[in-house]
Amino acid sequence: MNHQATVPPLGTFQPQDQPSMEAIASSAWAMLETQVTPFTEVMTIPGEIFRALDAGGKKFIARNFMSYIGKNVLYCRDGTGTDRYFLGNPRNFLRGGGVIVTVKGTEPFWMIRSNTTILEAAAAHLGVNVAPKEKKIPRPPNAYILYRKERHNLVRDAHPGITNNEISQVLGAAWNAESREVRQKYKEMSDKIKKALYEQHPDYQYRPRKPSEKKRRGRRTASTDEEIEHDSDEVAQPSSAD
DNA sequence: GTGAATGAAAA
DNA sequence: TTTTCATTCAC
């Protein structure tokens, strides 16, 4: 408001109202220690407190906790949205679909695997924007698909109640019975469409998913009887249970 | 999500 | 050689 003519003593100013780092660390530990029970494996640290700690303070807290659980510990930011950090053995972060994400130059953070991709989570962690993922470009239709598409409605109207599967059977037979010229005509159409697609999307590339990751379209063949490879992404979740 | 046909492209 | 997927939409 108004500036008084108060003159602070020169050269003698000291931030008396600033608690020392040691004081912060020890009071932080005093508070966190209340979480410790004989079964505690992971400690939760409010973001505010975590940030008030410097490297030495964090080390101090970590050592104290280590002496309790007798295991190495790791700081991990909660990547699921809550402003808090976890401190515990890495194993405890890897259960129930949890993963530890590390981004070069930053502290690791923990998150539960969900619809959010690791890249998106990492971007959020860094407060950085990620280029919106480009929409998937559909495969160009082949000659038969074009043929079927063109006649689909005709067959429909001519056969009330007919199913799409039956339409496929009808048009599949019709296609095979079609003259070479006619089939060639559709082939050229599909080639034109394909060519146009490659001009619009020079980088386009057909990328079928691996033998079904999720939506396996049942194809049963002698060689399909093998057991499907299991995704063994071991992940963990901050859990004291063991 | 699956099925039912055909065929291109990839693994 | 085997698998996905592009079209369609009832189931």
Side-chain angles (χ1 to χ4, degrees), chain A residues 79-81 94-104 110-124 128-237 239:
Chain A
T80 63
L94 308 179
R95 285 182 204 293
V99 311
I100 293 177
V101 180
T102 56
V103 178
K104 182 178 60 179
W110 170 88
M111 64 178 272
I112 292 178
R113 253 203 197 172
S114 62
N115 300 316
T116 306
T117 66
I118 294 201
L119 174 61
E120 291 172 311
V128 129
N129 290 315
V130 171
K133 49 187 169 187
E134 45 211 275
K135 55 182 179 290
K136 188 187 180 187
I137 300 168
R139 295 186 79 168
N142 63 39
Y144 168 71
I145 292 296
L146 290 175
Y147 179 85
R148 186 195 185 290
K149 183 188 180 81
E150 223 176 65
R151 292 171 168 60
H152 172 255
N153 289 323
L154 297 177
V155 178
R156 277 230 89 184
D157 299 342
H159 303 79
I162 190 173
T163 67
N164 288 301
N165 288 7
E166 291 170 331
I167 293 176
S168 288
Q169 295 184 319
V170 169
L171 290 177
W175 171 256
N176 288 316
E178 214 65 77
S179 67
R180 190 169 61 273
E181 291 73 26
V182 171
R183 292 204 303 252
Q184 179 57 32
K185 193 180 72 179
Y186 285 88
K187 176 67 165 62
E188 288 167 7
M189 286 177 68
S190 70
D191 284 341
K192 277 179 57 181
I193 292 174
K194 192 201 306 176
K195 183 182 175 185
L197 186 155
Y198 280 124
E199 288 176 354
Q200 288 183 243
H201 304 98
D203 297 324
Y204 169 78
Q205 200 178 8
Y206 174 49
R207 293 203 172 84
R209 289 170 304 180
K210 284 293 177 62
S212 245
E213 143 107 318
K214 194 74 174 189
K215 181 180 67 179
R216 82 179 53 149
R217 265 179 157 228
R219 283 285 79 81
R220 304 205 72 69
T221 315
S223 62
T224 308
D225 292 333
E226 288 181 48
E227 187 177 315
I228 296 168
E229 61 184 85
H230 292 345
D231 260 44
S232 56
D233 297 23
E234 288 278 335
V235 196
Q237 171 182 48
S239 169

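All of these numbers come straight from a predicted model, not from anything done at the bench. Basis for what follows: all heavy atoms, side chains included, without hydrogens, waters or symmetry-related copies.
- Between A:Arg148 and A:Ser168, the closest side-chain pair of non-hydrogen atoms falls below 4.5 Å.
- Contact annotation: A:Lys194 reaches the phosphate of B:dA9 (side-chain N/O to OP1 or OP2, under 4.0 Å).
- Remark: A:Asp191 does not engage A:Lys195 in a salt bridge, criterion side-chain N to carboxylate O under 4.0 Å.
- The shortest distance between the side-chain N/O atoms of A:Arg209 and the OP1/OP2 oxygens of C:dC5 is below 4.0 Å.
- Nearest nucleotide to the A:Arg148 side chain, out of C:dT8, B:dG3, B:dT6: C:dT8.
- Distances shown here put every side-chain N or O of A:Lys195 at or beyond 4.0 Å from the OP1 or OP2 atom of B:dA8.
- In this structure, A:Leu171 reaches neither bases nor backbone, as no heavy-atom distance under 4.0 Å exists between it and the strands shown.
- With values rounded to the nearest 0.5 angstrom, A:Ile145 atom CD1 is found 11.5 Å from A:Ile193 atom CD1.
- Side-chain atoms of A:Asn164 lie closest to C:dT8 of the nucleotides C:dA6, B:dG7, C:dT8.
- Between A:Lys149 and C:dT8 there is a side-chain polar atom (N or O) within less than 4.0 angstrom of OP1 or OP2.
- In this structure, A:Asn153 and A:Pro208 both approach DNA chain C, and ranking their closest nucleotides by distance from the 5' end singles out A:Pro208.
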Trace of the side chain to side chain contact (heavy atoms under 4.5 Å, CB included) decision for A:Tyr147 with A:Ser190: CA-CA 10 Å; A:Tyr147 179 85; A:Ser190 70; over 6 Å; no
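- Residue A:Ser168 has its side chain nearest to B:dA4 when only C:dC5, C:dT8, B:dA4 are considered.
- Heavy-atom distances to DNA chain B give each of A:Glu166 and A:Ser190 a nearest nucleotide, and the one nearer the 5′ end belongs to A:Glu166.
- In this entry the distance linking CG of A:Asn165 with P of B:dA5 reads 8 Å, nearest Å.
- As rounded to whole Å, 10 Å separates atom P of C:dT8 from atom CG of A:Leu146.
- In the set C:dA10, B:dA8, C:dT7, C:dA10 carries the atom at the smallest distance from any side-chain atom of A:Arg156.
- For the pair A:Asn176 and B:dT6, the criterion of a side-chain N or O lying under 4.0 Å from OP1 or OP2 is met.
- Distance NE2 (A:His152) to P (C:dT8): 8 Å, rounded to an integer number of Å.
- Backbone-only engagement by A:Gln205 is indicated by non-hydrogen atom pairs under 4.0 Å involving sugar-phosphate atoms exclusively.
- As rounded to whole Å, 13 Å separates atom P of B:dA9 from atom CD1 of A:Ile193.
- Rounding to the nearest 0.5 Å places CE of A:Met189 at 5.0 Å from CG of A:Leu146.
- Atom CG of A:Leu197 and atom P of C:dT7 are 11 Å apart (whole Å).
- Rounded to whole Å, atom P of B:dA9 lies 9 Å from atom OH of A:Tyr204.
- One atom, CG of A:Asn142, and another, P of C:dT8, lie 13 Å apart when rounded to the nearest Å.
- Nearest-nucleotide assignment on DNA chain B puts the 5′-proximal partner with A:Tyr144, out of A:Tyr144 and A:Arg207.
- Minimum atom distance to the side chain of A:Pro138 is reached by C:dA6, of the listed B:dT6, C:dA6, C:dC9.
- Under the 4.5 Å side-chain criterion, counting only non-hydrogen atoms from C-beta, A:Glu166 is in contact with A:Gln169.
- Taking atom CD1 of residue A:Ile137 and atom C1' of nucleotide B:dA9, one finds them 15 Å apart after rounding to whole Å.
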